[in-house]
There are 2 protein chains.
Amino acid sequence: MTCPEELDPVRLLTPRAREVLAAARVVLERDGWDTLTMRSLADELGIAAPSLYKHFASKDALRTQLIALALKEFGEGVRPVSGVAALVRAYRDVAAAHPQLYRLATSGSLDRDALPPGLEDWSGSPFLEATGDPHRAQALWAAAHGMVILELDGRFPTGSAPEATWDELVTHFG
Amino acid sequence: MTCPEELDPVRLLTPRAREVLAAARVVLERDGWDTLTMRSLADELGIAAPSLYKHFASKDALRTQLIALALKEFGEGVRPVSGVAALVRAYRDVAAAHPQLYRLATSGSLDRDALPPGLEDWSGSPFLEATGDPHRAQALWAAAHGMVILELDGRFPTGSAPEATWDELVTHFG
DNA sequence: CACCGTAGGCTAACAACGTTAGCCGCGCAA
DNA sequence: TTGCGCGGCTAACGTTGTTAGCCTACGGTG
């Protein structure tokens with residue numbers, strides 16, 4: 001399932017800006033957000049750091065575009081899906097495939113005004129479809145996110161969450 | 001319920017270091033972690049920034065001590081408690097009372113070697129007591145954390161999670 | 001053809017950040 | 001008295017995000 005075109009965040013970017021964004025993705029996933037420096041990103045592109053500001057107003061604006069990209073891709077990666085178990089499984093997998101992007105997209109503040117209107121809702125709608133109820137959807141999403149982010153941050157004693165813990169979650173919401 | 005003395009992270013600190021830590025708490029809750037600067041913290045104490053390094057080896061070491069403090073206090077704030085509903089309620093309240101400290105303590109990497117051994121387990125044990133099963137405990141904790149952190153970061157459309165969403169969570173795990 | 005705006009680079013520089021080096025004064029114990 | 005350690009200080013470094021100002025190539029328009 002692919003994202004409706006009017007929600008595609010890349011749509012409004014100039015071609016060169018898309019290349020910058022793509023490079024930022026690579027560096028992000030390789031180094032993490034805090035280690036992604038305007039200079040290191042510029043190096044990746046073979047240009048000087050200040051040149052980046054021809055394409056993005058600030059590092060934070062770049063972050064917002066990366067988040068928008070993530071919402072699109074995660075939304076696509078989790079759709080189509082039927083049933084809570086499959087949704088949770090897909091959510092988990094898509095996060096594990098791009099851990100740094102996931103963390104960036106789901107942690108800290110979010111500049112909603114800079115996002116294509118409707119993208120955030122579209123990205124989360126599979127949870128609504130799987131549960132049939134808005135509050136159940138929110139609760140399931142929060143639970144799945146909690147599992148993923150704690151696992152990403154190595155907060156479980158075993159390092160990653162045991163399969164049985166995931167099963168527990170699915171059981172309660174299934 | 002109070003934390004066993006041998007788990008108290010403040011125990012090993014010099015008196016002056018405790019004052020620095022207390023000031024850091026104030027500044028953290030007021031400004032947030034990224035805006036807490038070695039210089040701003042020093043200002044709060046009326047000293048110069050480099051002097052802080054007489055008490056903590058780095059900003060990250062300071063962060064670790066704040067996290068240890070948080071584990072202790074959150075563990076205390078949530079105990080004694082009986083039943084899933086009451087635990088979730090207490091968890092939510094204690095996080096809402098110190099949002100910045102909560103975010104700091106539960107996000108990003110954790111230097112376990114610098115924590116009093118057993119503190120992390122002790123802090124999480126109420127979930128084990130309330131559920132009676134390790135995996136259920138982990139799942140419930142992850143779900144509660146997901147709710148709290150998404151709410152703190154303003155990720156719910158309504159700003160904060162509706163009461164009904166919390167009820168949903170409690171219902172499924174109750 | 002001459003013109004000019006725009007896209008996209010560049011260097012130099014700034015302020016703020018975490019951090020280090022090196023120095024100094026006080027108080028207490030041998 | 002001497003020494004030492006605790007807890008301050010200033011000066012400075014490298015790195016960060018960011019700004020200012022300049023230059024070049026190119027694509028359309030008079």
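Labels below follow one simple rule: chain letters A, B, ... track the order of the sequence lines, proteins then strands, and each chain is numbered from 1. No hydrogens, no waters, no symmetry mates; every other heavy atom, side chains included, goes into these values. Nothing here was measured: the structure is a model prediction, and the numbers come from that model.
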Requested in this report: Give, for atom CH2 of B/W166 and atom CZ of B/R92, the distance between the pair rounded to the nearest 0.5 Å.
Outcome: 5.5 Å

Side-chain donor-acceptor pairs under 3.5 Å in residues 40-52 of chain B, sequence neighbours left out?
{"unit_1": "B/S40", "atom_1": "OG", "unit_2": "B/T37", "atom_2": "N", "d": "2.9"}
{"unit_1": "B/S40", "atom_1": "OG", "unit_2": "B/T37", "atom_2": "O", "d": "3.0"}
{"unit_1": "B/E44", "atom_1": "OE1", "unit_2": "B/R30", "atom_2": "NH1", "d": "3.2"}
{"unit_1": "B/E44", "atom_1": "OE1", "unit_2": "B/R30", "atom_2": "NH2", "d": "3.4"}
{"unit_1": "B/S51", "atom_1": "OG", "unit_2": "B/A48", "atom_2": "O", "d": "3.3"}

Query raised in the report: Tell me, for nucleotides 8-24 of chain C in 5' to 3' order, what letter each nucleotide earns: B for a base near a protein heavy atom under 4.0 Å, S for only sugar-phosphate near one, - for neither?
Result: BBBBBB---BBBBB---

Requested in this report: Would you mind reading off the distance between A/W33 atom CH2 and D/dT16 atom P, rounded to a whole angstrom?
Outcome: 14 Å

Report summary line: If each end axis of the helix from C/dC1-D/dG30 to C/dA30-D/dT1 is fitted on five C1' pair positions, the angle between them, to 10 degrees, is 20°

Query raised in the report: More than 12 heavy atoms of other residues, nucleotides or ligands under 6.0 Å from CD of A/E6: is that the case?
Result: yes

Report task. List in chain and number order the residues that pass side-chain hydrogen bond (donor to acceptor under 3.5 Å, both in side chains) with B/R63, two or more places apart in sequence or in another chain; answer none if no residue qualifies. Result -> none

Report task. Nearest 0.5 Å please: distance from the CD atom of B/E29 over to the CG atom of B/L36. Result -> 11.0 Å

Report task. Before giving the answer on side chain to side chain contact (heavy atoms under 4.5 Å, CB included), spell out for B/L69 and B/R25 the whole-Å C-alpha distance, their side-chain angles and the decisive distance to 0.1 Å. Result -> CA-CA 9 Å; B/L69 198 77; B/R25 245 198 104 147; 3.5 Å; yes

**Report entry** CD (A/E5) with more than 12 external heavy atoms under 6.0 Å
**Finding:** no

**Report entry** Gap between atoms CG and P, on B/L45 and D/dC6 respectively (whole Å)
**Finding:** 19 Å

Report task. Sequence neighbours left out, what pairs pass side chain to side chain donor-acceptor pair (under 3.5 Å) with at least one residue falling in residues 111-125 of chain A? Result -> A/R79-A/S125, A/R112-A/E120

**Report entry** DNA chain C-proximal residues of residues 103-113 of chain B, any heavy atom under 4.0 Å
**Finding:** none

Report summary line: In this structure, CG of B/L101 is separated from CG of B/L28 (nearest 0.5 Å) by 6.0 Å

Query raised in the report: Between A/Y91 and A/Y102, does the ring centroid distance fall short of 6.0 Å?
Result: yes

